[in-house]
Each structure stands twice: as C-alpha cells, then as structure tokens.
Number of protein chains: 2
Amino acid sequence: MAETARHPESRYGNRPTMKDVAARAGVGLKTVSRVVNSEPGVTPDTERRVQEAIEALGFRRNDSARVLRKGRTASIGLVLEDLADPFYGPLSRAVEEVARAHGALLINGSSAEDPDREQELVLALCARRVDGLIVIPAGDDHRYLEPEIKAGIATVFVDRPAGRVEADMVLSDSFGGAREGVAHLVAHGHRRIGFIGDQPRIHTAKERLRGYHEALTDAGITVEDSWVSLGSTDPARVRAAAETMLTGPDPVTALFAGNNRVTVTVVRVLAECDRRIALVGFDDIELADLLGITVISQDAAAVGRTAAEHLFRRLDGADHAPARVELPTRLIPRGSGELPPA
Amino acid sequence: MAETARHPESRYGNRPTMKDVAARAGVGLKTVSRVVNSEPGVTPDTERRVQEAIEALGFRRNDSARVLRKGRTASIGLVLEDLADPFYGPLSRAVEEVARAHGALLINGSSAEDPDREQELVLALCARRVDGLIVIPAGDDHRYLEPEIKAGIATVFVDRPAGRVEADMVLSDSFGGAREGVAHLVAHGHRRIGFIGDQPRIHTAKERLRGYHEALTDAGITVEDSWVSLGSTDPARVRAAAETMLTGPDPVTALFAGNNRVTVTVVRVLAECDRRIALVGFDDIELADLLGITVISQDAAAVGRTAAEHLFRRLDGADHAPARVELPTRLIPRGSGELPPA
DNA sequence: TAGGCCCTGGACAACGTTGTCAACTGAATG
DNA sequence: CATTCAGTTGACAACGTTGTCCAGGGCCTA
C-alpha cells in the first residue's frame, strides 16, 4: 500500500521532519533542533549520528515553522514599479546586497504603476510577515499601511514620498536636478525649451516639472503651454509630443526629458531630425556617453543602498522620528546639452 | 504596567490573531477563519461582525502559519546572476508576471556568478519551502538539489544547463546564434575575426565560442590563438583584450562580442579607434539601434516566461520526463556587422 | 407534533519548529 | 560515601492557522 501523504494537498511531497531525523538517529526531537541550529550542549558523537541521519534523509529545516515559532522571517519585501526598467535593476540589486549582509532574503514584486496592485502586493508581503518593507509608491494614499506600521513593520518609501502616512523616505532631488538641467540649457543660450514628462500624479514627474518651471522663471522666461507635455511614457505618445514641439511655427530649440524612458524615445526622434536640437535627460542611460547625451544622473544603487540601510537600522531598534533623505543628482555634460540653439 | 510581548524577540510587535478577532467579535476561532478565507457557511450578520473586528484591530492573516498548515507557500524562488544586468531585468519581470497570474509571489536573489552563493541561496529558498525554483546556474554541479527534486520541488534551469541533475531547462541557442553572427561577418568579407567572451566555465560562453569556431571552420578559416580572449567581463580586461587584437602586426578586422557587457566595452574601444572595425555582439542592448550595432538578440522576456510556464505546469502536476527547450536567437543587422574589412 | 435535515458555529487536533524546564548522567567535592 | 554540580538530553507546550467533526437550532415534512 502506498504511504499516505501528510498533506493531502501538498505539492512538495513529504519532506522529512526533525521528528523523522530524531527517530532515525535514535535521539530526541530537541536534540536534532540543537544540531541543526548549532546550539551548544550536544556531544560530538550524538551530533555525528544526527548529521548522518540528516544527510541520509535529505532533511532541510522548514523555515515556515521556524518563522511561526520565532516571530521573525529574516526577509524583507521590495515593491517597485517595473523590474525591467533599467533604473530599478541596480536599485534592487543594492537592496539585495544590504539584505544579504543582514542575513535576510528579498521578496519582490512590481506594481506596474498601479496603486491597487501596489496595495495588493504590499499586503501580501505583510501577510508573509516580512520584517520590513521598501516601497516605491505607485499610489498616493498609504493609510492602508497604518496597522502594519503600528505593528512595527519597518517601512521605507523610496523615490517618491509616502501618502498620508508617517514613514522614512529616501528620494532623489528631482526638483533640484531638473532645475539644474534646464538652467544648463538656458546657460547655453536656449530660451524655448520643451519638457516631456511622466504622468503628473507621479511625484517625481511633478517635482521635475516644478524644477523646469523654476529654472525658466529664474531666467525671466515665461513658459508656454505648448512647451510642456505630460502623460504616459509610451514611445508613441512621447514621439508625438516631441514631434509637435519640434515642428510648428515657433519650435523649441531644446528638450528636457523627464526620465530615462522618455529620453530614449526623444533621442530616437532627434536622430531623425535634421536640425541639431539640444537635449538633457533625467536619469543616466547605458551608452549615453557614446551617444553624447547630457543627463541628470541619479545613483540608483545609492538610493537602494541608503533605503535598505535605513530599514535595517529600524529593524535593529532605531526609533527616531521618520527621516526624509534626499540624495543629490549630478549633471553629466556629454554634448547634447551643450549644443547652441539651432 | 506594559503589556508583555508574545514573542520576546519578535521585531514585528504583537499583531492581532484570529483568536483576538474572534474574542472581539464574540464568535469562535474557526468562524473568523471562514470569513477571512471567504468560505461558505457564515450568516451575513456574523460575517459583518467579524469584518468589523478585523477592521478595528487591523488584523492580517499570518501566512507563515497558514503555509505551515497547508503545505504550500504560493511562492517561487528565482536565483539569477545579477539583477542589475539589463538582460535579467526583463527576464525576472516576465517570471514575475507568470507567477502573479498563478497567485504566487517571487522571492529572488543574485548569485553574483558564485557557485557557493548560488547553493546557499537555493537552499535558503528551499527552507522557505518555495513551491518551485527557477535557477540560472552559476555552478556546474547541482547534486545538492537531489533531495529537493525528489521531494517534489519543481525546478527549472534557465540560460545554462543544470549540472549532474535531471531537470527542465530553458536555454537560448548560444551556439547557433554565435555561429550565425560570425558567419555574417565572414559573409561580409572578414577572414580575421576576434572573439571576446566570458569565462569558459560558463556554459553559454563555451557554446558561443564553439559557434565561433564552427563558423570559421565552415568557411575554411583556421582560428589563431591570438584572436580569442576569454575571461571576466570586467571592462578593463575586455578593453585590454580588444586593444591587443586591434594592434599588433596582423590585426583582426572584425570582432564578435560574447555578451552584452563585453559589447558595451568593445563599442567604447571602437569609438576611439580610427579604423572601422566590424562588430557583432551577442545580446541586444538598449539604444544599440541608434549606435548601429549589429547584434544576436535573445528574447530575455520569452526565456523567463517560458521557464515560468514550465514551472507552473510542473506544479500543476505535469510529470513527463525533464524537457530541454532551446529558444532561437535572431540576428539584427544595424550597420556595425556589415562593415567590410578595413 | 415528532422526525429528519440543513445551516451555522465552535472545540479540538495538527502542521514542524523552538523555548522552557526537568531528568538524568558521571564526575568532582566535602 | 553522600552531595553537588556541570553537562546532556528529552518531554512538553506554544506559535497562528486550517481541517475534521460534532452540537445545537431552526425549518420543513409526514
């Protein structure tokens, strides 16, 4: 007769438990636990017997049970917008490195810029009882996190501020970066500068737009409506926006691209254009050096690292008031931002 | 007096449990469980009372306990080489999408191309009792996975084959792709073609080298040692290798770059070079179209998706013999690979 | 009205681990 | 020799959830 499964519905079969190991080694359950966790108080001989049994059975401790008992999961959750976006790869990697240094695993998910999906993901992570959360917010209302924060789940918001909730944040200086980039164009003689950005409900998009306005205002330039285009970063839309600004009766002589995806599309449009249009993009891009694209660079890895370090400081007991860190950006001139007006 | 913590060592405080909810709602424990899991057999009135208590206490089900009881975690593990590598972002994202469609979470980690670290990560994931594993192998011996596979943890190896273990694999046609790329250069008149690749212990690197050899042999060309350079993809090393091949008494007239990181560095070197050297790179790169770089493109998202679908098919009970899928690559001519010998 | 059935709700055990505590061993001490 | 003590070891409860099973009450039918 076939051995009956412990979990009728289980898909991972019957893994041996400490009880099985104990039986095989002829010792008590707790002794196995001690060996598995390298606790003191086991004679070498007993330990050897237990190790042999573990080996023979292919036993692996069940961390679910361990977590239940101990109350900590040694894992943190990372919710970002899109892992496939080159900005988030290094960020995610940096978070992972810090987590690893603290012996924690990383569970992550993409919100695809959808607030509902963000909440769903975050709550799923909380149900797993991750020790902490790093969230790149898609939505702007995070009150749903109140019970979790009250319960002590450390939370750090990254890249964009949290909505209606008190928590640590690590941001890049979107406002200052955009202002610097636009001022750079102004300094090279441009008076008519277009701005193509992401949806204005996204905080960074709003801030960058604000920086754009401020730079032009500082230069005594009045922004015309036709110079600004906000919306999805879908290539077709961006392309249309760029083409509109570049044609027409009184075209712009320079463009500021609100993020890496916009920049990529704009570069393509400009490549097909016969006039030399100046361009500064927010976010650095691989190979931008070879293409001579001037950018406002934010250090994604530094952002991720900083956020993760904050998180673990919280987990280690720090309970100061929520901090807001803003990391500086850096203008990297590579040619496209230094072109004079056509 | 302060309320005493349930878990003295817990960092996530005292979260309310179903018991607390039950007490507050004045119902039994199991009734709360029924409401939380939308099981039938609860009157609307009772359900409302329970919902209110849940709301008031900020209760969230503890999935660790649930997992322990049910035997499934609804999570899968992904171990890759480096999340920051642009090739793995889309791959990871594709896996995540499939996981999400199956209601599973994704736990991931980077091996940094270190076999020990890979094993450590994989076993940590197994201890969490992930339902399945997708692994981009760093090492070439995966016998440590035997107990897991025997226990029914579905495992799919991606991008590189598993070592000494039977499991599903999803690969790209590295050999065929490289052969096609090199043949393309031959077809454009090149007879002296350099190959700069990754460490030969990596399967894809070996396969691509094999494709290179085959293409040249087919063309009746004898490969000279000085044309081939294998090693780390560190920019300094790649740069040195490229420069060596391009100078010297009898320099190559074309280069084949073994992966995206190599390509990026080679492009930089060639940009500084006065002769026009032909180049084909393995892996597509963002903006490669603008730079006119001819590449052998593999569809990272398709690889990830295919692997994840295989995994879930296993989890849904498929138990055919381990499959080996090889996805085709595609040559995208953009100019650099069509240059004639200088 | 008695009998049966369905619907709702709760008591209890189990999942695999770890913390607590007590029991045992053998040796060292008075 | 009795006593203490350190060092090992194991029995047991608990973590928070879900599956099983049974009890009670209301309703329908004969």
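In this text, all values refer to a predicted model and were calculated from it rather than measured experimentally.
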Between [options], which nucleotide has the shortest distance from any of its atoms to the side chain of [X]?
X: L29(A); options: dC15(C), dT18(C), dT18(D); answer: dT18(C)
X: V27(A); options: dT18(C), dG10(D), dG16(D); answer: dG10(D)
X: T17(B); options: dG9(C), dT17(C), dG16(D); answer: dG16(D)
X: N62(B); options: dT18(D), dT17(D), dT17(C); answer: dT17(D)
X: R66(B); options: dT9(D), dT18(D), dG16(C); answer: dT18(D)
X: R61(A); options: dT18(C), dG16(D), dT9(D); answer: dT18(C)
X: T31(A); options: dT17(D), dG10(D), dT18(C); answer: dG10(D)

- Task: Describe the nucleic acid contact of V36(B) in one word from base, sugar-phosphate, nothing, applying a heavy-atom distance below 4.0 Å.
- Result: nothing

Per nearest nucleotide of DNA chain C, the residue lying toward the 5' end, R34(A) or G26(B), is G26(B)

Does OP1 or OP2 of [N] have a side-chain N or O of [X] closer than 4.0 Å?
X: T43(B); N: dG9(C); answer: yes
X: K70(A); N: dG19(C); answer: yes
X: S64(A); N: dG16(C); answer: no

Tell me if the side-chain of R69(B) makes a donor-acceptor pair with the base of dT18(D), cut-off 3.5 Å, by modelled atom types. yes

base_contact_polar (dG19(D) base, K30(B) side chain, donor-acceptor, <3.5 Å):
yes

Using atom [atom1] of [X] as one end and atom [atom2] of [N] as the other, report the distance to the nearest whole Å.
X: N37(A); N: dG19(C); atom1: CG; atom2: C1'; value: 12 Å
X: E47(B); N: dC7(C); atom1: CD; atom2: P; value: 17 Å
X: R49(B); N: dT8(C); atom1: CZ; atom2: P; value: 14 Å
X: L68(B); N: dG19(D); atom1: CG; atom2: C1'; value: 13 Å
X: D45(A); N: dT8(D); atom1: CG; atom2: C1'; value: 12 Å
X: E39(A); N: dT17(C); atom1: CD; atom2: P; value: 13 Å
X: D20(A); N: dT17(C); atom1: CG; atom2: C1'; value: 13 Å
X: M18(B); N: dA13(C); atom1: CE; atom2: P; value: 19 Å

S110(A)-D82(A) side chain donor-acceptor pair, cut-off 3.5 Å: no

Are N62(A) and R128(B) close enough, and set up right, to give a side chain to side chain donor-acceptor pair (under 3.5 Å), and what steps lead you there? CA-CA 6 Å; N62(A) 183 331; R128(B) 295 301 173 95; over 6 Å; no

### Query
Should the heavy atoms of other residues, nucleotides or ligands under 6.0 Å from CD of E52(A) be counted, would the total exceed 12?
yes

Discussion item. If we check side chain to side chain donor-acceptor pair (under 3.5 Å) with H142(A), which of these qualifies: E118(A), R164(A), Q119(A), E166(A)?
Written reply: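 Looking at E118(A), R164(A), Q119(A), E166(A), the match for H142(A) under the side chain to side chain donor-acceptor pair (under 3.5 Å) is E118(A).
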
Query raised in the report: Shortest non-hydrogen contact from L123(A) to E148(A)?
Result: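 Closest pair (atom of L123(A), atom of E148(A), distance): CD2-OE2, 3.9 Å.
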
Quiz item: Please walk me through it: do S75(A) and L106(A) pass side-chain contact (heavy atoms from CB on, under 4.5 Å)?
Solution: CA-CA 6 Å; S75(A) 59; L106(A) 185 62; over 6 Å; no

